[in-house]
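Order of the sequence lines fixes the chain letters, A, B, ..., with proteins taken first and strands second; residue numbering starts at 1 for each chain.
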Amino acid sequence: MEVFIILTVAIATYLTRLLPFLLKDRIDFERWGNFLSSSSTAIISSLFVTSFVGAQREPKDLPVGIVSLLIVTLTFLRWRNLGLSIISGILMYFFISLALN
Amino acid sequence: MIRKGVIYGIPIALGYFPVAVTFGLMALARGMNETDVVLASMLIFAGSAQFALATLIDYPLNATLIPIILNLRHLIYGCIVSRRVEVKKPFLTAFGLTDEVFALSFKGDDERFIWGLALIAYIAWVFGTVVGVLGGSIIISNEVLYRSLVFAFPALFFVLLLSNRDWISAFIGAFVSLMLMALGYPSIGILISGLFTPFVVRWLSWRSS
């Protein structure tokens with residue numbers, strides 16, 4: 001039964017990712033350009049909110065997260081390097097949490 | 001270009017690994033057998049859907065339907081990627097289009113870049129699950145390390161927002177998402193925010209003109 005459930009979910013997940021590619025010729029992207037652009041920003045923003053808020057287990061986590069995001073921002077504004085910004089944020093989060101523990 | 005995708009995907013892998021370890025441990029604790037847990041990560045490759053599946057595994061109908069509903073947001077991802085990138089091998093590209101791969105796909109304009117992102121993300125996800133199944137409790141028992149690695153996700157999305165600069169869409173999307181999160185529907189909130197926000201933005205611009 002477990003294998004059947006896994007296979008069904010796997011096929012359905014794959015189809016939700018694949019169908020838009022197969023049906024792209026039937027979608028007028030020029031007409032939907034502004035919609036999709038705004039939609040993609042909103043989705044990324046939602047992903048940020050859910051991942052950030054979801055990580056807050058205790059009140060003390062919020063300032064740790066905010067300070068780490070500040071470092072991410074400053075690093076990104078200085079070097080414009082995505083990987084470097086994220087890794088500096090992870091390190092900041094790690095060291096602050098370590099210090100608070 | 002695949003190599004560039006792999007390099008850009010390192011932050012995704014850093015975030016995926018501890019979450020996958022947790023999935024492996026949690027699914028075992030829910031009574032799934034080792035082979036099925038790894039099979040789920042290999043075939044589904046969708047974090048929230050897999051956690052929902054493992055949580056509901058005792059209720060087959062819910063365990064099948066809820067993960068599928070959670071993944072409906074991927075329909076929008078494919079539409080957006082199709083608009084930006086010429087996709088020649090949709091059957092391959094579609095498989096790895098997770099939330100994080102989709103978000104980072106904006107950093108490249110080639111299908112192979114997406115393959116690179118998906119490849120390193122997939123390796124981290126499956127490897128993390130195997131580690132979880134084999135006894136990853138040591139890794140996730142270090143809470144500071146675990147949570148620091150998982151911080152890679154909000155950091156990644158935040159940097160993408162910084163370089164995007166469509167603040168109105170970002171703000172409305174965040175607001176909608178927060179509301180639905182407060183009501184207990186975080187994954188559905190992502191889908192609703194992606195569908196709802198463009199209409200609000202359009203209404204605001206129509207009102208101001």
Side-chain angles (χ1 to χ4, degrees), chain A residues 1-10 12-14 16-22 24 27 29 32-55 57 61 65 68-69 72-73 76-77 80 82-83 85-87 89-91 93-94 97-98 101, chain B residues 8 10-11 32 36 39-40 43-44 46 49 53 57 60 63-64 67-68 71-72 74-76 78-80 82-83 87 90 94-95 97 99 103 144 147-162 164 166 169-170 172-174 177-178 181 186 189-190 193-194 197-198 201:
Chain A
M1 190 58 168
E2 277 181 17
V3 174
F4 176 74
I5 296 171
I6 290 167
L7 287 176
T8 308
V9 173
T13 300
Y14 183 59
T16 61
R17 293 172 179 170
L18 177 67
L19 285 176
F21 290 116
L22 299 182
K24 65 182 177 184
I27 301 170
F29 286 121
W32 290 92
N34 287 337
F35 179 94
L36 293 174
S37 172
S38 175
S39 176
S40 59
T41 305
I43 288 170
I44 293 171
S45 182
S46 292
L47 290 167
F48 164 70
V49 166
T50 47
S51 58
F52 185 72
V53 177
R57 291 184 195 168
D61 294 337
S68 303
L69 281 181
V72 170
T73 308
F76 182 73
L77 293 177
R80 296 269 160 191
L82 184 134
S85 308
I86 294 168
I87 289 168
I90 292 171
L91 288 174
Y93 197 101
F94 178 75
S97 302
L98 212 58
N101 278 358
Chain B
Y8 269 73
I10 290 171
M32 291 176 70
D36 289 350
L39 191 70
L43 297 181
I44 301 173
L53 184 150
I57 198 69
T64 310
I68 293 171
N71 282 336
L72 286 178
H74 292 148
L75 288 166
I76 299 179
C79 287
I80 293 169
S82 294
R83 182 172 168 254
V87 177
F95 179 75
L97 206 59
D99 294 334
V144 171
R147 298 181 64 186
S148 303
L149 287 171
V150 173
F151 181 74
F153 292 136
L156 165 68
F157 299 130
F158 193 68
V159 171
L160 292 171
L161 284 177
L162 283 177
N164 186 301
D166 179 1
S169 298
I172 297 168
S177 188
L178 266 178
M181 208 176 171
I190 296 167
S193 124
T197 301
V201 171

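- Once rounded to the nearest 0.5 Å, the distance linking CD1 of B/Ile190 with OG1 of A/Thr50 reads 4.0 Å.
- Taking CD1 from A/Ile6 and CD1 from B/Ile44, the interatomic distance works out to 6.0 Å, rounded to the nearest 0.5 Å.
- Atom CD1 of A/Ile5 is separated from atom CD1 of B/Ile57 by 4.0 Å, given to the nearest 0.5 angstrom.
- Interface summary for chain A: among B/Leu161, B/Leu162, B/Ile172, the most heavy-atom pairs under 4.5 angstrom belong to B/Leu161.
- A/Tyr93 and B/Phe151 have their aromatic ring centers within a separation under 6.0 angstrom.
- Between B/Ser193 and A/Ile43, the shortest heavy-atom distance links the atoms OG-N, 4.3 Å.
- Between chain A and the options B/Ile76, B/Val144, B/Leu43, heavy-atom pairs under 4.5 Å are most frequent for B/Val144.
- Contact tally against chain B (heavy-atom pairs below 4.5 Å) for A/Val72, A/Leu69, A/Val3: the top residue is A/Leu69.
- Only the side chain of B/Met181 comes within less than 4.5 Å of a heavy atom of chain A; its backbone N, CA, C and O stay farther away.
- Enclosure of atom OH in B/Tyr8 is not indicated, since only 12 or fewer non-hydrogen atoms of other residues, nucleotides or ligands lie within 6.0 angstrom.
- Smallest separation of non-hydrogen atoms from A/Phe21 and B/Pro90: CB-CB, 3.6 Å.
- Note on B/Ala46, B/Pro60, B/Ala103: by heavy-atom pairs under 4.5 Å with chain A, the leading option is B/Pro60.
- Between the side chain of A/Ser38 and the main chain of B/Ser169, no donor-acceptor pair closer than 3.5 Å is present.
- Between chain B and the options A/Val49, A/Leu98, A/Val53, the largest number of non-hydrogen pairs under 4.5 Å is found for A/Val49.
- A/Phe52 touches chain B through backbone and side chain together, each having a heavy atom under 4.5 Å away.
- Both the backbone and the side chain of A/Thr41 come within less than 4.5 Å of a heavy atom of chain B.
- B/Ser148 and A/Phe94 make their closest contact through OG-CA, 3.1 Å (heavy atoms, listed as atom of the first residue, atom of the second, distance).
- For chain A, the nearby parts of B/Leu75 are the backbone and the side chain; heavy atoms of each come within less than 4.5 Å.
- At a threshold of 4.5 Å between non-hydrogen side-chain atoms, the residues A/Glu2 and B/Leu39 do not count as touching.
- Looking only at distances, no side-chain donor or acceptor of A/Arg17 sits under 3.5 Å from a matching main-chain atom of B/His74.
- The two residues A/Ser46 and B/Gly189 make their nearest non-hydrogen contact at OG-O, 4.3 Å.
- Per-residue counts of heavy-atom pairs under 4.5 Å with chain A were compared for B/Leu178, B/Asp36, B/Ile68, B/Ile10; the largest is that of B/Asp36.
- Taking all atoms of both residues into account, the shortest heavy-atom contact from B/Pro154 to A/Phe48 is O-CD1, 3.3 Å.
- Judged purely by atom type and a 3.5 angstrom limit, A/Ser45 uses its side chain to pair as donor or acceptor with the backbone of B/Ala170.
- Here B/Leu97 contributes atom CG and A/Leu18 contributes atom CG; the two are 10.5 Å apart, rounded to the nearest 0.5 Å.
- Residue B/Thr197 holds its OG1 atom at 9.0 Å from CZ of A/Phe35, rounded to the nearest 0.5 Å.
- Note that CG of B/Asp99 is 5.0 Å distant from CG of A/Leu47, once rounded to the nearest 0.5 Å.
- At a 4.5 Å heavy-atom cutoff, the contact between B/Val201 and chain A is made by side-chain atoms alone.
- In terms of the side-chain contact (heavy atoms from CB on, under 4.5 Å) criterion, residue partners of A/Ile87 (sequence neighbours excluded) are, by chain and number, A/Leu91, B/Leu14.
- The contact between A/Leu7 and chain B is made entirely by side chain atoms (from C-beta outward), counting heavy-atom distances below 4.5 Å.
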